[in-house]
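Throughout, residue positions are numbered sequentially from 1 according to the sequence presented. Reckoned from all heavy atoms, side chains included, excluding hydrogens, waters and symmetry mates.
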Amino acid sequence: MENADCLVVGGGIAGLQAAIQLGRYEHRVMVIDAGGGRSTLCRSYHNLLGWPDGVSGEELRRLGRLQAERLGVQFVQDEIVQAVQKGKIGEGFELWGKSGRGYVGRLLLLATGLMDRLPDVPGLKPCLGLTVYVCPDCDGYEIRDKVTIVMGSGDAGAAMALNLSRRTDRLTYVNHQQCAVQSKFVKALQEKGIELVQEDIQEVITAGAGAFGGVVLGSGKRLTAERGFIAFGGNEVKSDLARQLGAERMENRHILTDPRSKMTSVPFVWAAGDVGVHAEQVTIAMGEGAQAAIWMNKALLHMQEDASVHRVLIRS
């Protein structure tokens, strides 16, 4: 069993920011990351302080890991599949990975995030974050007054198209797989002048270097556009470890935390980033990672103080 003061599950934006903060407190920190993750799909974030020309999720993760490693943070590539509490509350946690390796820590941070449901459409992934977007708060600015196709499914895609209608009036919604759309959404789309296309997407048209040019439908028809958005619904919230530990979750599987400390309903288990009740923003994930780390440090200091008092009492 590998041992640490703080175990961080997830090496994305929230986990890395927490690891950097914990490393600066000089705790023994281990980040266990399965690889992949939502931030690895984004080719360029455009709304981050200090990156006016954009930065990829991979680059942010690379820089964050280098920064954390300079502070002595250990990184392990593994997918954690089991989490249990050791003995009584405060005695730590055991994690087990797909590799068969075990990990022990006094405190645990879950920064496991979520993954968007993406259909296997050729040409889609290379455009993500460059000319095809996921979050209207992050990237709605990028489509202003541009011909835009919302690639989605059912009500989720319709709601996204309506949200984006404030940015451009040149919108088409392609309902991939033709999931049912509520009549209220159909009416609202009509009122906004948004065309609803009920066909599968066969492929994304690209013009090289992640430039979105539209889609080819199942019928062979081509729809040209300058930008794309996706909204297929059914995102996977990676909160199963929280369930195993008994942490409270919402109906949509996001983990509930204390707004001040980011601790879950299980003592000494924290959650940060998109796996929690979230806004799906890189900047918020960073903030929550740092916030959780601050309170994890407080908890470790209290543990050390209590242990010191206990030793003094025994000796006296």
Side-chain angles (χ1 to χ4, degrees), residues 1-23 26-41 57-58 61-62 64-118 235-249 253-255 257 262-276 285 289 292-293 296 299-300 303:
M1 301 288 286
E2 300 194 43
N3 210 300
D5 294 323
C6 305
L7 295 173
V8 178
V9 183
I13 305 304
L16 285 169
Q17 186 67 64
I20 290 167
Q21 185 69 31
L22 289 166
E26 301 182 272
H27 297 306
R28 292 176 301 151
V29 183
M30 182 182 298
V31 178
I32 308 164
D33 185 37
R38 193 183 205 201
S39 58
T40 65
L41 297 177
E58 287 279 22
R61 290 169 69 119
R62 185 187 72 81
R65 177 164 177 162
L66 285 174
Q67 188 173 350
E69 286 176 333
R70 289 179 184 175
L71 297 164
V73 174
Q74 181 181 355
F75 284 82
V76 177
Q77 183 163 346
D78 201 353
E79 181 180 351
I80 301 301
V81 294
Q82 185 178 7
V84 295
Q85 188 164 282
K86 290 179 59 182
K88 297 182 296 184
I89 291 174
E91 293 185 358
F93 302 90
E94 289 184 3
L95 305 180
W96 294 93
K98 270 190 176 180
S99 66
R101 295 167 69 181
Y103 310 90
V104 176
R106 300 177 74 183
L107 307 181
L108 174 61
L109 172 63
L110 300 176
T112 41
L114 62 80
M115 280 298 290
D116 297 277
R117 185 168 73 90
L118 296 174
N235 293 344
E236 179 189 3
V237 183
K238 295 181 176 293
S239 62
D240 191 60
L241 296 178
R243 179 194 61 78
Q244 293 179 27
L245 292 165
E248 187 178 0
R249 301 187 299 171
R253 299 184 63 189
H254 287 283
I255 304 170
T257 60
K262 309 312 298 180
M263 188 187 286
T264 71
S265 60
V266 176
F268 307 116
V269 178
W270 282 260
D274 288 348
V275 74
M296 292 170 77
L300 282 171
M303 286 178 173

In Å, rounded to the nearest 0.5 Å, how long is the span from [atom1] of [X] to [atom2] of [Y]?
X    : Y    : atom1 : atom2 : value
Y103 : E94  : OH    : CD    : 13.0 Å
C6   : M30  : SG    : CE    : 11.0 Å
Q85  : Q244 : CD    : CD    : 13.0 Å
Q21  : M296 : CD    : CE    : 11.5 Å
I80  : T112 : CD1   : OG1   : 11.0 Å
R38  : I13  : CZ    : CD1   : 11.5 Å

Does [X] use its side chain to pair, donor to acceptor, with the backbone of [Y] at less than 3.5 Å?
X    : Y    : answer
S265 : E248 : yes
D274 : L114 : no
S99  : D78  : no
D33  : Q77  : no

For the residue pair [X] and [Y], what are the closest heavy atoms and their distance?
X    : Y    : result
S39  : G12  : OG-CA, 4.4 Å
L109 : A18  : CD2-CB, 3.3 Å
T40  : G36  : CG2-O, 3.1 Å
V31  : G11  : CG1-CA, 3.9 Å
I255 : A242 : CD1-CB, 3.5 Å
G105 : L7   : N-CD1, 3.3 Å

### Query
With sequence neighbours left out, what residues match S239 under side chain to side chain donor-acceptor pair (under 3.5 Å)?
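Only R249 meet the side chain to side chain donor-acceptor pair (under 3.5 Å) criterion with S239.
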### Task
For the pair M115 and L41, evaluate side-chain contact (heavy atoms from CB on, under 4.5 Å) and give the outcome as yes or no after the intermediate values.
CA-CA 10 Å; M115 280 298 290; L41 297 177; 3.7 Å; yes
Do [X] and [Y] have side-chain heavy atoms sitting under 4.5 Å apart?
X    : Y    : result
F75  : L16  : yes
T264 : L245 : no
D5   : L107 : no
I89  : F268 : yes
R28  : N3   : yes

### Message
Could you go through L108 and L95, starting from their C-alpha distance and side-chain angles, then the distance that decides it, and tell me whether this counts as side-chain contact (heavy atoms from CB on, under 4.5 Å)?
### Response
CA-CA 10 Å; L108 174 61; L95 305 180; 3.9 Å; yes
Kindly list each side-chain donor-acceptor pair under 3.5 angstrom involving residues 64-74, sequence neighbours excluded, with atom names and distances?
residue: R65; atom: NE; partner: E69; partner atom: OE2; Å: 3.0
residue: Q74; atom: NE2; partner: E2; partner atom: OE1; Å: 3.2

### Message
Atom CD of residue position E26 - does it have more than 12 heavy atoms of other residues, nucleotides or ligands inside 6.0 Å?
### Response
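It does not: E26 CD has 12 such atoms or fewer within range.
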### Sequence-distant partners of E79, salt bridge (Lys or Arg N to Asp or Glu O under 4.0 Å), two or more places apart
K98
### CA sep, side-chain torsions, deciding dist, call: K238, L110, side-chain contact (heavy atoms from CB on, under 4.5 Å)
CA-CA 9 Å; K238 295 181 176 293; L110 300 176; over 6 Å; no
